[in-house]
Amino acid sequence: PVEGKPPRPMIRSLWDATDRDFEISAEKLKQYCRQIAGFGAEISLEIHSDCIHDCAPSALRLLHMIDEPNVGINPDTLDNRWLFPGEDVPDPIEQAHMVAEHVNLWHIKQYLITLNQEANEWELKLEHADEGSFPIGEMMRIFIKAGFKGAAIHECGRGGDPAYSLKRFTDYMKWLRDEYVPSMPD
């Protein structure tokens, strides 16, 4: 569970989704992509913990089934192996490489993931982009090297000062783009 949010039903693509679920989703999204293509709009399949495209393999599967030029992927966090205990889900860096060429939007979240021993449940605590468990810097390097020029949306931070959180995020993203990414070997 995320701080302050009630749990919601989880759909795990690797466990719960059928081939037919993917077919129906792809069919409807293909129709929508064709409708919005006329005015230059794109969609982005957000890799999120509660949808049919909740990890890179499932998002790529759906993207290829839709097979339209105006559909891309929003990698959100990519650190979702904790959602799939016992499943062979790639680590966040491998998933970033898998989707990099398709990223057209990125909701940047940062959490500290811990295991609550008493409840035997994973807990997420929202953190600033430059703290926490997700490899934001390395993900950004991978996406930029693959040609990403889309929007990177601030969905992280903590505390009661949104201006400070946004400034900290912006400074970190500029540092990653201008200093970290160019200095890292391919």
Side-chain angles (χ1 to χ4, degrees), residues 1-12 41-56 58-59 72-85 89-100 102-185:
V2 177
E3 287 180 320
K5 292 190 177 181
R8 57 185 171 209
M10 301 295 278
I11 299 168
R12 304 264 169 70
E42 295 182 353
I43 69 166
S44 190
L45 302 174
E46 182 175 2
I47 295 176
H48 208 272
S49 62
D50 57 356
C51 62
I52 196 169
H53 40 80
D54 55 2
C55 59
S58 295
I73 290 178
N74 170 2
D76 206 58
T77 62
L78 289 180
D79 193 358
N80 48 24
R81 287 177 301 162
W82 58 276
L83 288 170
F84 300 94
V89 177
D91 69 37
I93 299 304
E94 187 177 345
Q95 289 192 72
H97 282 291
M98 291 170 74
V99 301
H102 304 288
V103 174
N104 62 352
L105 172 69
W106 185 18
H107 291 169
I108 299 176
K109 292 182 176 70
Q110 181 60 283
Y111 292 102
L112 178 62
I113 302 173
T114 57
L115 180 63
N116 178 329
Q117 299 273 338
E118 291 178 23
N120 196 31
E121 291 180 346
W122 289 104
E123 294 179 347
L124 298 169
K125 181 181 174 214
L126 196 59
E127 295 289 344
H128 291 290
D130 56 344
E131 299 176 338
S133 302
F134 300 156
I136 301 296
E138 182 59 15
M139 289 166 59
M140 179 179 252
R141 186 188 75 77
I142 292 165
F143 299 149
I144 287 175
K145 296 286 183 180
F148 173 65
K149 292 185 180 0
I153 308 299
H154 178 229
E155 290 192 351
C156 46
R158 58 181 161 82
D161 188 347
Y164 169 76
S165 180
L166 182 57
K167 173 90 170 91
R168 184 169 172 171
F169 175 82
T170 304
D171 289 348
Y172 181 58
M173 291 297 115
K174 285 179 183 176
W175 175 80
L176 286 173
R177 181 195 65 203
D178 298 340
E179 296 180 40
Y180 175 78
V181 170
S183 71
M184 296 302 292

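Only one option out of Met139, Met140, Glu138 pairs with Ile142 in a side-chain contact (heavy atoms from CB on, under 4.5 Å); it is Glu138.
How far CE of Met98 is from CD1 of Ile73: 9.0 Å, rounded to the nearest 0.5 Å. If you take CG on Leu115 and CG on Asn120, they are separated by 6.0 Å, rounding to the nearest 0.5 Å. The distance from atom CD1 of Ile43 to atom CD of Glu46, rounded to the nearest 0.5 Å, is 12.0 Å. For the atom pair Lys125 NZ and Leu112 CG, the distance stands at 6.5 Å (nearest 0.5 Å). A distance of 12.5 Å separates CE in Met184 from CD1 in Ile144, rounded to the nearest 0.5 Å. Atoms CG and CG, from Leu105 and Leu45 in turn, are 11.0 Å apart once rounded to the nearest 0.5 Å.
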Open item on the list: Using salt bridge (charged side-chain N to carboxylate O under 4.0 Å, His left out), reason through Glu131 and Arg168 one step at a time and then give a plain yes or no.
Closed with: CA-CA 11 Å; Glu131 299 176 338; Arg168 184 169 172 171; 3.0 Å; yes
- [ ] Take Trp106 and Asn74 through the test side-chain contact (heavy atoms from CB on, under 4.5 Å) and record every step on the way to the result.
- [x] CA-CA 5 Å; Trp106 185 18; Asn74 170 2; 4.2 Å; yes
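In terms of heavy-atom proximity, Val99 sits nearest to Phe143 at CG2-CE2, 4.2 Å. Here the closest non-hydrogen pair linking Ala59 and Ile47 is CB-CG1, 3.7 Å. Of all heavy-atom pairs between Cys55 and Val89, the closest is CB-CG1, 4.4 Å. Across every non-hydrogen atom of Phe148 and Ala151, the tightest pair is CZ-O, 3.5 Å. Residues Phe134 and Ile113 come closest through the heavy atom pair CE2-CD1, 3.4 Å.
Residues satisfying the salt bridge (Lys or Arg N to Asp or Glu O under 4.0 Å) criterion with Glu94, sequence neighbours excluded, are absent altogether. Phe169 meets the ring-ring contact (aromatic ring centres under 6.0 Å, His included) test with His154; sequence neighbours excluded. By the salt bridge (Lys or Arg N to Asp or Glu O under 4.0 Å) test, Glu155 is found to be paired with Lys109, residues two or more places apart in sequence or in another chain being considered. Applying the ring-ring contact (aromatic ring centres under 6.0 Å, His included) rule to His107 yields no partners; only residues at least two apart in sequence or on another chain are considered.
In this structure, Gln95 contributes its side chain and Ala56 its backbone to a donor-acceptor pair below 3.5 Å. Side chain of Ser165 to backbone of Asp161: no donor-acceptor contact under 3.5 angstrom is found. Formation of a donor-acceptor pair under 3.5 Å by the Gln110 side chain with backbone atoms of Asp130 is not found in this model.
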Side-chain polar contacts of residues 171-178 - donor-acceptor pairs under 3.5 angstrom, sequence neighbours left out - could you list them?
unit_1	atom_1	unit_2	atom_2	d
Asp171	OD1	Lys167	NZ	3.0
Asp171	OD2	Lys167	NZ	2.8
Trp175	NE1	Glu179	OE1	3.3

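Proximity of Ser58 to Asp54: side-chain heavy atoms (C-beta onward) are separated by under 4.5 Å at one or more points.
For residues 143-152, every residue pair satisfying the salt bridge (Lys or Arg N to Asp or Glu O under 4.0 Å) rule, not counting sequence neighbours, is listed here: Lys145-Asp186.
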